Colleague: 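Have a look at this one before I ask anything.
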Amino acid sequence: MSPAPMGANEKLALKRDEIRGCIEEIGIIPTIRESSPVDALFAAESVQGGGIPIVEVTMTMPGALKVLLALANSDTDLIVGAGSVLDVEMARHCVDAGAMFLTSAGFDREIVDFAAEQEMVVIPGAMTPTEVMAAWKARPDFIRVCPCSQVGGSSHIRALKESFPHLPLIAAGGINQQTAADYFRAGASAISLGGGLLPRDAIELRQEKRILELARRFRMIARQNRVGKSSN
């Protein structure tokens, strides 16, 4: 018999290392950045149905906190994070709404320190080696490298891993089915996916089966191509 879905209180009680472990195991963080809360909820439910129990709700979308709250309180095992967090005040609102991890496009030491106080996963953004070094000194869980596709794609991840072989990097920005495997082979611990996993027309037309198939394909790509991970 399958275990019962977690309630909101149980999900919020998940430890930092458990959430970090789930991100490492799945290797995919879907980014929810839709034009309405209804579309966002459909997107989150669809990717979870496709075997990806993690979503990041971007704070730049309309009604983001309401979406975050609804997903955090849903009777599912979904791990819900907040993306594009700009400052500590926004981070507090996200935590109050039920966020289980925080991500940002750049590095803000105060956000990382706040997440540490809350004992939650935090993923700051960085691009250059100098930024990566500065971010890692704050002791986050991962570093988000974005936007990858505009600055060399997977070759940029490979170059960073040559200098920082033990740092867990999450590649983000413009990744699709054709390029995802390259990022894993370059050493990315995980990839962040937006339109490549959640095409706008698939959301608008409620093409759940299409999203389920995309999720399945990306899961397979992750399993087969991550460096040091089993392909089983």
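Predicted model only: the values in this text are computed from it and were never measured.
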Colleague: Compare every heavy atom of Ala186 with every heavy atom of Ser154, then report the nearest pair and how far apart it is.
Modeller: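 Residues Ser154 and Ala186, closest heavy atoms: O-CB, 3.5 Å.
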Colleague: Shared ILVMFWY cluster between Phe142 and Phe164, side chains joined below 4.5 angstrom?
Modeller: yes
Colleague: Taking atom types as modelled and ignoring hydrogens, do the side chains of Ser192 and Thr31 form a donor-acceptor contact shorter than 3.5 angstrom?
Modeller: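 Thr31 and Ser192 do have a side-chain donor-acceptor pair below 3.5 Å.
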Colleague: Is there a side-chain contact between Pro30 and Ile52 in this structure, where contact means two heavy atoms from C-beta onward sitting under 4.5 Å apart?
Modeller: yes
Colleague: Cluster question for you: counting only ILVMFWY and a side-chain heavy-atom cut-off of under 4.5 Å, with indirect links fine, are Val47 and Leu212 together?
Modeller: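 No, Val47 and Leu212 fall in different hydrophobic clusters.
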Colleague: Give a yes or no on whether a salt bridge exists between Glu25 and Arg223, defined as a side-chain N under 4.0 angstrom from a carboxylate O.
Modeller: no
Colleague: Checking the side chain of Asn176 only, and the main-chain atoms of Gly196 only, is there a donor and an acceptor separated by less than 3.5 Å?
Modeller: no
Colleague: CH2/Trp136 to CG/Leu169 distance, rounded to the nearest 0.5 angstrom?
Modeller: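 If we round to the nearest 0.5 Å, Trp136:CH2 and Leu169:CG are 8.5 Å apart.
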Colleague: Tell me, yes or no, whether the heavy-atom count around Gln177 atom CD, taken from other residues, nucleotides or ligands under 6.0 Å, exceeds 12.
Modeller: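 Result for CD/Gln177: enclosed.
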Colleague: Going through the checks in order, is the side-chain contact (heavy atoms from CB on, under 4.5 Å) test met by His156 and Thr128?
Modeller: CA-CA 9 Å; His156 185 60; Thr128 67; over 6 Å; no
Colleague: Mind checking whether Met59 and Leu68 have side chains closer than 4.5 Å, heavy atoms only?
Modeller: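 Yes; the side chains approach each other to less than 4.5 Å.
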Colleague: Only one of Val85, Ile29, Ile143 passes side chain to side chain contact (heavy atoms under 4.5 Å, CB included) with Ile123; say which it is.
Modeller: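 It is Ile29; the other options fail the test.
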Colleague: Can you tell me how far apart OG1 (Thr103) and CD1 (Ile170) are? Round to the nearest 0.5 Å.
Modeller: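 Interatomic distance, Thr103 OG1 to Ile170 CD1, rounded to 0.5 Å: 8.5 Å.
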Colleague: State, yes or no, whether a side-chain contact exists between Leu41 and Leu71 at a heavy-atom distance under 4.5 Å.
Modeller: yes
Colleague: Roughly how far, to the nearest 0.5 Å, is CG of Leu160 from CG of Leu167?
Modeller: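 That separation rounds to 9.0 Å.
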Colleague: Does Met127 offer a backbone N or O that forms a donor-acceptor pair with the side chain of Glu131 under 3.5 Å?
Modeller: yes
Colleague: Establish, for the pair Arg206 and Phe42, whether the NZ or CZ atom is under 6.0 angstrom from the six-membered ring centre and no further than 45 degrees off its axis.
Modeller: yes
Colleague: If you draw a 6.0 Å radius around CD in Gln178, do more than 12 non-hydrogen atoms from other residues or ligands fall strictly inside?
Modeller: yes
Colleague: Test your reading of the model: is there a side-chain donor-acceptor pair from Ser149 to the backbone of Gly173, 3.5 Å cut-off?
Modeller: yes
Colleague: Taking the side chain as everything from C-beta on, heavy atoms only, tell me whether Pro199 gets closer than 4.5 Å to Leu214.
Modeller: yes
Colleague: For atom CD of Gln150, decide whether the heavy atoms of other residues, nucleotides or ligands shown that lie under 6.0 angstrom number more than 12.
Modeller: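 Atom CD in Gln150 is crowded, with more than 12 foreign heavy atoms closer than 6.0 Å.
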Colleague: Could you report the tightest heavy-atom contact between Ser155 and Gly152, atom names first, then the distance?
Modeller: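 Here Ser155 and Gly152 meet closest at OG-O, 2.5 Å.
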Colleague: Of all heavy-atom pairs between Met90 and Ser84, which one has the smallest distance, and what is that distance?
Modeller: SD-O, 3.7 Å
Colleague: Ignoring hydrogens, what is the shortest heavy-atom contact between Glu34 and Ala43? Give both atom names and the distance.
Modeller: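 That closest heavy-atom pairing would be OE2-CB, 4.1 Å.
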Colleague: Please round to the nearest 0.5 Å and tell me the distance separating atom CD1 of Ile203 and atom OG of Ser46.
Modeller: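 Ile203 CD1 to Ser46 OG: 6.0 Å, rounded to 0.5 Å.
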Colleague: Please determine, by modelled atom types, if Asp182 and Thr179 share a side-chain donor-acceptor pair under 3.5 angstrom.
Modeller: no
Colleague: Under 3.5 Å, is there a donor-acceptor pair between the side chain of Asn225 and the main chain of Ile221?
Modeller: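 Present.
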Colleague: Can you tell me how far apart SG (Cys94) and CG (Leu102) are? Round to the nearest 0.5 Å.
Modeller: 6.5 Å
Colleague: Is Arg92 salt-bridged to Asp87, cutoff N-O under 4.0 Å?
Modeller: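 A salt bridge is absent here (no side-chain N lies under 4.0 Å from a carboxylate O).
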Colleague: Is there side-chain contact between Ser104 and Pro124, with at least one heavy-atom pair below 4.5 Å?
Modeller: yes
Colleague: Search all heavy atoms of Ser35 against all heavy atoms of Arg200 and return the closest pair with its distance.
Modeller: CB-NH1, 4.5 Å
Colleague: Taking all heavy atoms of Met61 and all of Ala40, pick out the closest pair and write down the distance.
Modeller: CE-CB, 3.5 Å
Colleague: Treating Arg226 as the side-chain partner and Glu24 as the backbone partner, does any N or O pair qualify as donor plus acceptor under 3.5 Å?
Modeller: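 Yes; judged by distance alone, with no hydrogens or angles, the pair exists.
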Colleague: Report yes or no: do Leu69 and Met100 belong to one cluster of Ile/Leu/Val/Met/Phe/Trp/Tyr joined by side chain heavy-atom distances under 4.5 Å?
Modeller: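 They do not share one cluster, since no chain of ILVMFWY contacts under 4.5 Å joins Leu69 to Met100.
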Colleague: Please report the interatomic distance CD(Gln207) to CG(Leu198), rounded to the nearest 0.5 Å.
Modeller: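 That separation rounds to 12.0 Å.
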Colleague: If the threshold is 4.0 Å, N to carboxylate O, is there a salt bridge linking Arg210 and Asp201?
Modeller: yes
Colleague: Please test Ile26 against Arg219 for side-chain contact (heavy atoms from CB on, under 4.5 Å), starting from the C-alpha separation and ending with a verdict.
Modeller: CA-CA 7 Å; Ile26 301 299; Arg219 284 294 311 274; 3.8 Å; yes
Colleague: Membership question, hydrophobic clusters at under 4.5 Å side-chain separation (ILVMFWY): are Val151 and Ile157 in the same one?
Modeller: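 Looking at the clustering, Val151 is in the same group as Ile157.
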Colleague: Do Phe107 and Val112 make a side-chain contact, defined as non-hydrogen atoms from C-beta onward lying under 4.5 Å apart?
Modeller: yes
Colleague: Which is it for Ile32 and Glu56 under the side-chain contact (heavy atoms from CB on, under 4.5 Å) test, yes or no, and what are the steps along the way?
Modeller: CA-CA 6 Å; Ile32 307 296; Glu56 171 192 311; over 6 Å; no
Colleague: Will you find, in the side chains of Thr58 and Thr60, an N or O donor that is under 3.5 Å from an N or O acceptor?
Modeller: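 No pair is found: no donor N or O on one side chain lies under 3.5 Å from an acceptor on the other.
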Colleague: May I ask you to test the Phe101-Asp141 pair for a side-chain heavy-atom distance under 4.5 Å?
Modeller: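 No - every pair of side-chain heavy atoms lies 4.5 Å or more apart.
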Colleague: Quick one: does Ile54's side chain get under 4.5 Å of Leu78's, heavy atoms only?
Modeller: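 A side-chain contact is absent here, since even the closest heavy-atom pair is not under 4.5 Å.
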Colleague: Do Glu213 and Arg217 sit within salt-bridge range, that is, some charged N less than 4.0 Å from a carboxylate O?
Modeller: yes
Colleague: Report whether Tyr183 and Met220 are members of the same hydrophobic cluster (ILVMFWY, side-chain heavy atoms less than 4.5 Å apart, transitive linking).
Modeller: no
